[in-house]
Amino acid sequence: MTLSELEILNHIQKTQNITKEELKVLLYTNDSIVTEELQKKAQQTAQQIYGNKIYIRGLIEFTNYCKNNCYYCGIRCANTKADRYRLSLEQILSCCETGWNLGFRTFVLQGGEDPYFTDEKVCQIVREIKERYPDCAVTLSIGEKSEESYQAYFDAGADRYLLRHETADEAHYRKLHPEQMSLSHRKNCLKILKKIGYQTGCGFMVGSPGQTIDTLYEDLMFIKELNPEMVGIGPFIPHQDTPFANEPAGTLDMTLRLLAIIRLIHPHVLLPATTALGTIDPKGREKGVQAGGNVVMPNLSPVNVRDKYKLYDNKICTGDEAAECKNCMSARMKSIGYEVVTDRGDYKA
Ligand code: SAH
């Protein structure tokens with residue numbers, strides 16, 4: 001490690017900011033001492049704020065119908081091979097019951113943009129969950145909606161909202177999405193979510209087709225500007241029935257470097273080690289935590305629909321019951337000195 005590389009790390013940590021030149025060095029250096037030091041600093045930063053506690057979120061993938069046609073995503077509307085399903089209110093509540101008994105205090109309802117789930121239906125689901133489990137947080141991840149809809153879900157009791165921006169670069173956004181979608185609309189949704197008072201999450205895929213150091217730099221600057229409570233990043237993984245079927249996946253190494261950088265420039269963020277990271281490497285989620293992550297999101301969806309919610313190929317844990325996933329996760333985290341806690345796991349300002 002050269003003096004200048006060490007200076008870069010110290011500078012980022014001190015200023016909680018990064019220049020494009022510094023980003024270039026940290027993403028491209030072949031010096032493993034530098035990348036180890038980067039991750040160590042990020043892990044220490046997370047520990048100073050969140051200790052050795054790992055927050056768990058119970059992920060309920062409640063519909064794989066989607067009206068959008070994103071080029072990277074396996075549940076895009078043009079994928080006629082996708083076997084579509086929706087969970088009923090009763091099925092969703094049953095997932096929550098299982099989850100609550102296992103110690104989950106956050107439920108994440110994620111799905112495609114499915115017009116069947118009207119605002120009325122979404123609000124009913126949120127209200128029923130909050131009524132039964134008032135000590136739990138409800139996170140929604142159901143895409144781009146109007147301000148009125150976001151407000152209605154919030155008034156029904158939703159606490160958090162995940163909406164990855166996917167890329168903060170206009171031209172890159174165009175490469176990933178059909179023309180009906182726009183970056184400005186997506187960014188505006190995020191601004192509205194923050195304004196309403198949600199704990200808000202943005203994020204992006206690492207190694208998505210067309211991503212460059214310049215687009216990544218824009219992603220980091222967007223994170224600084226939005227000031228989100230959560231950031232979700234994971235490797236892009238191709239899905240065989242999408243236009244990106246033959247594109248290369250994002251790498252473990254790049255994802256870990258970016259997780260660490262995000263932790264350093266935005267220290268308090270709730271930062272998951274994602275399922276996609278666990279998919280490209282058997283120890284991906286452990287390594288993600290060791291690079292600054294502090295959240296994991298085991299799956300609570302019923303086993304019979306698990307393999308239908310396929311955003312990308314080879315998704316892990318599609319055959320495991322919720323209890324197995326929780327126990328497996330607790331053991332994995334324990335193996336690296338962390339404790340999965342029964343806690344809502346709110347943002348610590
Ligand atoms: N419809 C919701 C939820 C999307 S799925 C929404 O629009 O926010 C959640 C995330 O999975 C997406 O934001 C995207 O970043 C990620 N994803 C989709 N396809 C993927 C792929 N092929 N590889 C890795 N991640 C993918």
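Only heavy atoms go into these numbers, but all of them, side chains included; no hydrogens, no water, no symmetry mates. Source: prediction; values computed, not measured.
At distances below 3.5 Å, not a single donor-acceptor pair connects side-chain atoms of R306 with backbone N or O atoms of I316. Using a distance-only test at 3.5 Å, with no hydrogens or angles considered, a donor-acceptor pair links the side chain of H266 to the main chain of P228. Judged by distance alone, the side chain of K224 and the main-chain N or O of D219 form no donor-acceptor pair under 3.5 Å. Without hydrogens or angle criteria, R257 side chain to L26 main chain gives a donor-acceptor distance under 3.5 Å. A donor-acceptor contact shorter than 3.5 Å is absent between the side chain of K283 and the backbone of R332. Using modelled atom types, one side-chain atom of Y217 and one backbone atom of I18 make a donor-acceptor pair closer than 3.5 Å. E5 places a side-chain N or O within donor-acceptor distance of the main-chain N or O of T2, the cut-off being under 3.5 Å. With K67 contributing its side chain and E113 its backbone, the two residues share no donor-acceptor pair below 3.5 Å. Formation of a donor-acceptor pair under 3.5 Å by the N64 side chain with backbone atoms of K308 is found in this model. Checking side-chain atoms of N327 against main-chain N and O of A323 turns up a donor-acceptor pair under 3.5 Å.
Taking every heavy atom of both residues into account, I49 and P267 meet most closely at CD1-O, 3.3 Å. Among all heavy-atom pairs drawn from D31 and T29, the shortest one is N-OG1, 3.1 Å. Nearest heavy-atom pair, R186 versus R164, reported as atom, atom and distance to 0.1 Å: NE-O, 2.7 Å. For the residue pair P235 and L277, the shortest heavy atom distance occurs at CD-N, 3.6 Å. A pairwise comparison of heavy atoms in L162 and V108 identifies CD1-CG1, 4.1 Å as the closest pair. I129 approaches F107 most closely through the heavy-atom pair CG2-CD1, 3.9 Å.
Scored by the salt bridge (charged side-chain N to carboxylate O under 4.0 Å, His left out) test, K287 finds D281 as partners (sequence neighbours excluded). For D214, the salt bridge (charged side-chain N to carboxylate O under 4.0 Å, His left out) test picks out K20, with sequence neighbours left out. Annotation: salt bridge (charged side-chain N to carboxylate O under 4.0 Å, His left out) contacts of K315 (sequence neighbours excluded): E61. When the side chain to side chain contact (heavy atoms under 4.5 Å, CB included) test is applied to F154, the partners found at least two apart in sequence or on another chain are Q151, I196, Y198. Residues forming a side chain to side chain contact (heavy atoms under 4.5 Å, CB included) with K175 (at least two apart in sequence, or on another chain): none. Taking R132 as the reference, L93, E128 meet the side chain to side chain contact (heavy atoms under 4.5 Å, CB included) condition, with sequence neighbours excluded.
Considering only heavy atoms from C-beta on, D135 stays 4.5 Å or farther from R344 through its side chain. Side chains of C189 and E144 form a contact here, defined as non-hydrogen atoms less than 4.5 Å apart. The closest side-chain heavy-atom distance from E321 to E324 is below 4.5 Å. Inter-residue side-chain proximity for V296 and P272 is flagged as unmet; no heavy-atom pair is nearer than 4.5 Å. A heavy-atom distance below 4.5 Å is not found between the side chains of I261 and I12. Within the 4.5 Å cutoff, side-chain heavy atoms of I56 are placed close to those of P298. No side-chain heavy atom of F104 sits under 4.5 Å from any side-chain heavy atom of R57. The shortest distance between side-chain heavy atoms of W100 and C136 falls below 4.5 Å.
N294 and Y55 share no side-chain donor-acceptor pair at under 3.5 Å. Using modelled atom types, one finds a donor on one side chain and an acceptor on the other under 3.5 Å when comparing Y338 with Q47. Judged by distance alone, the side chains of N314 and T279 never bring a donor and an acceptor atom under 3.5 Å apart. Under the 3.5 Å distance criterion, with hydrogens and angles disregarded, a donor-acceptor pair is assigned to the side chains of D346 and Q199.
Following chains of ILVMFWY side-chain contacts shorter than 4.5 Å, one cannot reach F117 starting from Y65, and the two form parts of different hydrophobic clusters. Under the 4.5 Å side-chain contact rule for hydrophobic residues, L256 and V295 do not share a cluster. Criterion: ILVMFWY side-chain heavy atoms under 4.5 Å apart, direct or through other members. Under it, V289 and Y347 are not part of a common hydrophobic cluster. Clustering ILVMFWY residues whenever any of their side-chain heavy atoms sit less than 4.5 angstrom apart, transitively, puts I233 in the very cluster that holds L163. Under a hydrophobic-cluster definition in which Ile, Leu, Val, Met, Phe, Trp and Tyr are linked whenever side-chain heavy atoms come within less than 4.5 Å, directly or via other members, L270 and I223 are assigned to different clusters.
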M205 and L311: side chain to side chain contact (heavy atoms under 4.5 Å, CB included), yes or no, with the steps?
CA-CA 12 Å; M205 295 174 287; L311 310 179; over 6 Å; no
Could you walk me through whether Q44 and K40 satisfy the side chain to side chain contact (heavy atoms under 4.5 Å, CB included) test, starting with their C-alpha distance in whole Å, then the side-chain angles of each, then the deciding distance to 0.1 Å, before giving a yes or no?
CA-CA 6 Å; Q44 282 166 354; K40 205 161 84 190; 4.1 Å; yes
Would K53 and D343 satisfy salt bridge (charged side-chain N to carboxylate O under 4.0 Å, His left out), going step by step from the backbone distance to the final call?
CA-CA 10 Å; K53 292 183 171 41; D343 191 306; over 6 Å; no
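The CG atom of L183 lies 11.5 Å from the NE2 atom of H185; values are rounded to the nearest 0.5 Å. Here CD1 of I213 is found 12.0 Å from CD of E218. Values are rounded to the nearest 0.5 Å. Atoms OG1 and CD1, from T63 and I92 in turn, are 9.0 Å apart once rounded to the nearest 0.5 Å. In this structure, OG1 on T167 lies 8.5 Å from CZ on F204, to the nearest 0.5 angstrom. The structure places CG of N299 at 7.5 Å from SG of C317, a figure rounded to the nearest 0.5 Å. How far OG of S32 is from CG of L38: 12.5 Å, rounded to the nearest 0.5 Å.
Each of L9, I8, T15 was evaluated against H11; a single residue qualifies, T15, per the side chain to side chain contact (heavy atoms under 4.5 Å, CB included) test. In summary, of the residues considered (H177, H172, H239), a ring-ring contact (aromatic ring centres under 6.0 Å, His included) with Y72 occurs for H177 alone. A salt bridge (Lys or Arg N to Asp or Glu O under 4.0 Å) with E229 holds for exactly one of K348, K194, R160; it is K194.
By the neighbour-count criterion of 12 heavy atoms within 6.0 Å, atom CD of E97 is sparsely surrounded, having that number or fewer from other residues, nucleotides or ligands. In this structure, K130 places its NZ atom where more than 12 heavy-atom neighbours from other residues, nucleotides or ligands lie under 6.0 Å away. Atom NZ of K14 is surrounded by 12 or fewer heavy atoms from other residues, nucleotides or ligands within 6.0 Å.
In this pair, F222 and H165 present their aromatic rings tilted. The plane angle is within the 30 to 60° band.
In this structure, R105 fails the cation-pi test against Y133, since its NZ or CZ atom is not both closer than 6.0 Å to the six-membered ring centre and inside 45 degrees of the ring normal.
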